[in-house]
Amino acid sequence: MNNMKLKQLIEKYPFITDYFSGNKLDINLEEERTFTEFLDSFSEEEIEDFAIDKESLTENLEEYIQNMKEFLGIKEEKGVESLTILPGFDKSRKKEGFETLTLHKSEIISIVGPTGSGKSRLLADIEWTAQKDTPTGRSILVDGKVPDMKWRFSSNNKLVAQLSQNMNFVMDLTVREFLELHAGSRLVEDIEGVTSRIIKEANKLAGEKFEMETPITSLSGGQSRALMIADTAILSSSPIVLIDEIENAGIDRRKALDLLIGEEKIVLMATHDPTLALIGDRRIVIKNGGIEKIIKTSKKEKELLKDLEKMDAIIQSIRTDLREGRELSLKK
């Protein structure tokens with residue numbers, strides 16, 4: 001919940017608007033923030049004048065949601081809350097440079113390192129829930145425990161959903177038929193509602209919008225990637241999503257990441273893009289087949305991120321003008 005934006009919380013639990021109004025919290029125009037960010041926006045004077053207790057408001061919101069879910073009979077399947085990586089060795093049999101690494105849902109972790117440094121091996125260890133039985137000697141815990149064997153052998157319970165750089169469809173289906181087929185395989189009750197939501201979210205990510213009746217084989221690379229990200233976020237049962245080089249996807253990357261963490265996924269993102277690396281809460285640095293260190297994104301880096309995103313917005317705007325056949329200029 002801590003990493004979900006207010007708009008995502010309201011979409012998931014519409015009743016929480018009563019909590020905000022009951023506590024005289026005006027969240028209008030604040031829905032792009034998390035609840036913590038919203039509370040942190042109050043000045044010291046406002047906190048004193050309105051007797052704002054940020055810790056109590058957060059705890060009470062969580063309790064309110066839980067009580068309302070019980071009252072309304074809302075049952076949510078408990079997913080994976082955390083994944084822990086215990087260190088192994090690099091290619092030189094040197095111990096990895098960390099003691100333990102725990103990833104939580106709705107968290108973004110970037111993975112950085114030279115090509116061939118061992119990013120794929122890390123993913124394989126997570127996907128296989130390694131127990132010191134892979135070349136790296138790493139161990140993986142799910143919710144702090146040795147994982148159930150279902151994560152290794154069940155076709156219906158995959159720990160990791162991978163979104164690779166290339167999305168090539170070979171089935172002769174429309175977008176609607178593809179989504180309905182997937183939703184049906186997940187035993188979704190409201191197939192029409194879910195497929196409509198997926199196409200809506202996908203079109204928020206794609207540079208060019210597409211329709212339900214569009215053949216999936218005719219989708220562009222960016223459209224395909226947008227469709228699969230929305231589909232994975234909303235329909236996939238995998239609690240962890242690995243995205244490989246999303247910078248080359250031709251989509252709105254920030255919105256894509258927001259969608260995934262809004263659906264309470266743990267997002268691992270292999271990237272060479274500094275903007276994307278700094279969006280992550282932490283980044284794993286891989287060298288010589290092992291995790292060399294883990295860096296928590298600092299306040300200074302978050303300030304740098306703001307500048308990088310401004311530059312990125314300019315580039316995206318110029319790219320849009322280029323697509324539309326307009327004369328290019330530097331917009332300030």
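These numbers come from the heavy atoms of this one structure, side chains and all, not from hydrogens, waters or symmetry mates.
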query: If you round to the nearest 0.5 Å, how far is CG of Leu268 from CD1 of Ile109?
result: 7.0 Å
- prompt: How many angstroms lie between CG in Leu227 and CD1 in Ile198, if you round to the nearest 0.5 Å?
  reply: 7.5 Å
message: Test side-chain contact (heavy atoms from CB on, under 4.5 Å) on Val112 and Ile295; report intermediate values, then the result.
response: CA-CA 11 Å; Val112 300; Ile295 302 175; over 6 Å; no
field: Short side-chain to backbone donor-acceptor contact, Ser56 and Asp53, under 3.5 Å
entry: no
task: May I ask you to say whether Asp90 pairs ionically with Lys287, meaning some side-chain N is under 4.0 Å from a carboxylate O?
output: no
field: Gap separating the CG atom of Asn60 from the CD atom of Glu55, nearest 0.5 angstrom
entry: 10.0 Å
message: Is it the case that atom CD in Glu37 sees more than 12 heavy atoms from other parts of the structure closer than 6.0 Å?
response: yes
query: Are Lys54 and Asp40 close enough for a salt bridge, meaning some N to O gap below 4.0 Å?
result: yes
field: Distance-minimising heavy-atom pair for Thr232 and Ala161
entry: CG2-CB, 3.9 Å
- prompt: Does any donor atom in the side chain of Thr271 or Ser110 lie under 3.5 Å from an acceptor atom in the other side chain?
  reply: no
message: Is there a side-chain contact between Leu159 and Trp128 in this structure, where contact means two heavy atoms from C-beta onward sitting under 4.5 Å apart?
response: no
message: Show the nearest heavy-atom pair for residues Phe98 and Leu86, with the distance to one decimal.
response: CZ-C, 4.1 Å
message: Taking Leu25's backbone N and O only, do any of them form a donor-acceptor pair with Asn23's side chain (distance below 3.5 Å, no angle check)?
response: no
query: How far does OG of Ser139 sit from CD1 of Ile85, to the nearest 0.5 angstrom?
result: 11.0 Å
query: If you measure only the distance, is there a donor-acceptor pair under 3.5 Å linking the side chains of Asp312 and Thr275?
result: no
- request: Please answer whether the main-chain N or O of Leu205 pairs with a side-chain N or O of Lys255 as donor and acceptor at a distance below 3.5 Å.
  value: no
- prompt: Could you go step by step and tell me if Leu257 and Leu276 meet the side-chain contact (heavy atoms from CB on, under 4.5 Å) rule?
  reply: CA-CA 10 Å; Leu257 295 172; Leu276 290 171; 4.2 Å; yes
Donor-acceptor pair between Asn288 and Ser92 side chains, under 3.5 angstrom: yes
- line: Rounding to 0.5 Å, atoms CD (Glu208) and CG (Leu219) come to a distance of 10.5 Å
task: Report the C-alpha separation of Thr136 and Ile291 in whole Å, then their side-chain angles, then the decisive distance to 0.1 Å, and conclude whether the side-chain contact (heavy atoms from CB on, under 4.5 Å) test is met.
output: CA-CA 10 Å; Thr136 63; Ile291 297 175; over 6 Å; no
- request: Give a yes or no answer on whether the side chain of Ser236 reaches the backbone of Ser238 with a donor-acceptor pair at less than 3.5 Å.
  value: yes
query: Is the backbone of Ser43 close enough, under 3.5 Å, to the side chain of Glu46 for a donor and an acceptor to pair up by distance?
result: yes
field: Modelled atom types, side-chain donor and acceptor of Thr36 and Thr34, under 3.5 Å
entry: no
Residue pair Val285 / Lys293, side-chain heavy-atom distance below 4.5 Å: yes
query: Which heavy-atom pair separates Ala230 from Ala202 by the least distance, and what is that distance?
result: CB-N, 3.8 Å
query: What about the rings of Tyr19 and Phe15, do their centers lie closer together than 6.0 Å?
result: no
query: Between Phe35 and Phe20, is the ring centre distance below 6.0 Å?
result: yes
task: Might you point out which heavy atoms bring Leu181 and Leu173 nearest each other, and give the distance in Å?
output: CD2-CD1, 4.3 Å
message: Keeping Glu301 on the side-chain end and Ser298 on the backbone end, is there a donor-acceptor pair under 3.5 Å?
response: yes
message: Do the side chains of Arg138 and Glu96 get close enough for a salt bridge, i.e. N-O under 4.0 angstrom?
response: yes
- prompt: Do Thr102 and Thr84 pass the side-chain hydrogen bond (donor to acceptor under 3.5 Å, both in side chains) test, and can you show the C-alpha distance, the side-chain angles, and the key distance before you say yes or no?
  reply: CA-CA 4 Å; Thr102 298; Thr84 300; 3.0 Å; yes
message: Between Glu324 and Leu322, is there a side-chain heavy-atom distance shorter than 4.5 Å?
response: no
query: Are Ser41 and Arg33 close enough, and set up right, to give a side-chain hydrogen bond (donor to acceptor under 3.5 Å, both in side chains), and what steps lead you there?
result: CA-CA 10 Å; Ser41 68; Arg33 298 187 182 195; 3.3 Å; yes
task: Would you mind checking if Glu263 and Arg197 are paired as a salt bridge, meaning a charged N to carboxylate O distance below 4.0 Å?
output: yes
query: Does a side-chain N-to-carboxylate-O contact under 4.0 Å join Lys265 and Glu107?
result: no
- request: Compare all side-chain heavy atoms of Ile286 with those of Glu292 and state whether any distance is below 4.5 angstrom.
  value: no
- request: Establish, from distance only, whether the side-chain atoms of Thr297 and Arg282 form a donor-acceptor pair under 3.5 Å.
  value: no
Nearest atoms (heavy-atom pairs only) where Glu213 meets Thr174: O-CG2, 3.7 Å
field: Short side-chain to backbone donor-acceptor contact, Gln223 and Ser220, under 3.5 Å
entry: yes
message: If hydrophobic clusters are built from ILVMFWY residues whose side chains come within less than 4.5 Å, do Tyr13 and Leu57 share one?
response: yes
field: Where Lys95 and Pro87 come nearest, the two heavy atoms and their spacing
entry: CE-CG, 4.0 Å
field: Ile216 vs Ser224 side-chain heavy atoms within contact, under 4.5 Å
entry: no
task: Could you tell me whether the side chain of Thr214 and the main chain of Phe210 form a donor-acceptor pair under 3.5 Å?
output: no
query: When you measure from the side chain of Ser117 to the backbone N and O of Pro114, does any donor-acceptor pair fall under 3.5 Å?
result: yes
Pairing of Glu309 and Lys306 as salt bridge, 4.0 angstrom limit: no
Stepwise side-chain contact (heavy atoms from CB on, under 4.5 Å) test for Glu211 and Ile199: CA-CA 8 Å; Glu211 306 293 334; Ile199 192 73; over 6 Å; no
query: So, Gln131 side chain and Ile140 main chain: donor-acceptor pair closer than 3.5 Å or not?
result: yes
task: Please check if Met212 and Ile229 belong to a single hydrophobic cluster, counting links between Ile, Leu, Val, Met, Phe, Trp and Tyr side chain heavy atoms closer than 4.5 Å.
output: yes
query: Is the closest side-chain heavy-atom distance between Ile240 and Val80 below 4.5 Å?
result: no
Mutual orientation of the aromatic rings belonging to Phe38 and Phe42 [parallel < 30°, tilted 30-60°, perpendicular > 60°]: perpendicular
message: Between Lys204 and Glu201 (salt bridge meaning N to carboxylate O under 4.0 Å), is one present in this structure?
response: yes
task: Give, for atom CG of Leu235 and atom CE of Met228, the distance between the pair rounded to the nearest 0.5 Å.
output: 9.5 Å
query: Can you find a heavy atom in the side chain of Leu123 that is under 4.5 Å from one in the side chain of Asp125?
result: no
message: Could you check whether any side-chain heavy atom of Ile266 comes within less than 4.5 Å of a side-chain heavy atom of Ile261, counting everything from C-beta outward?
response: no
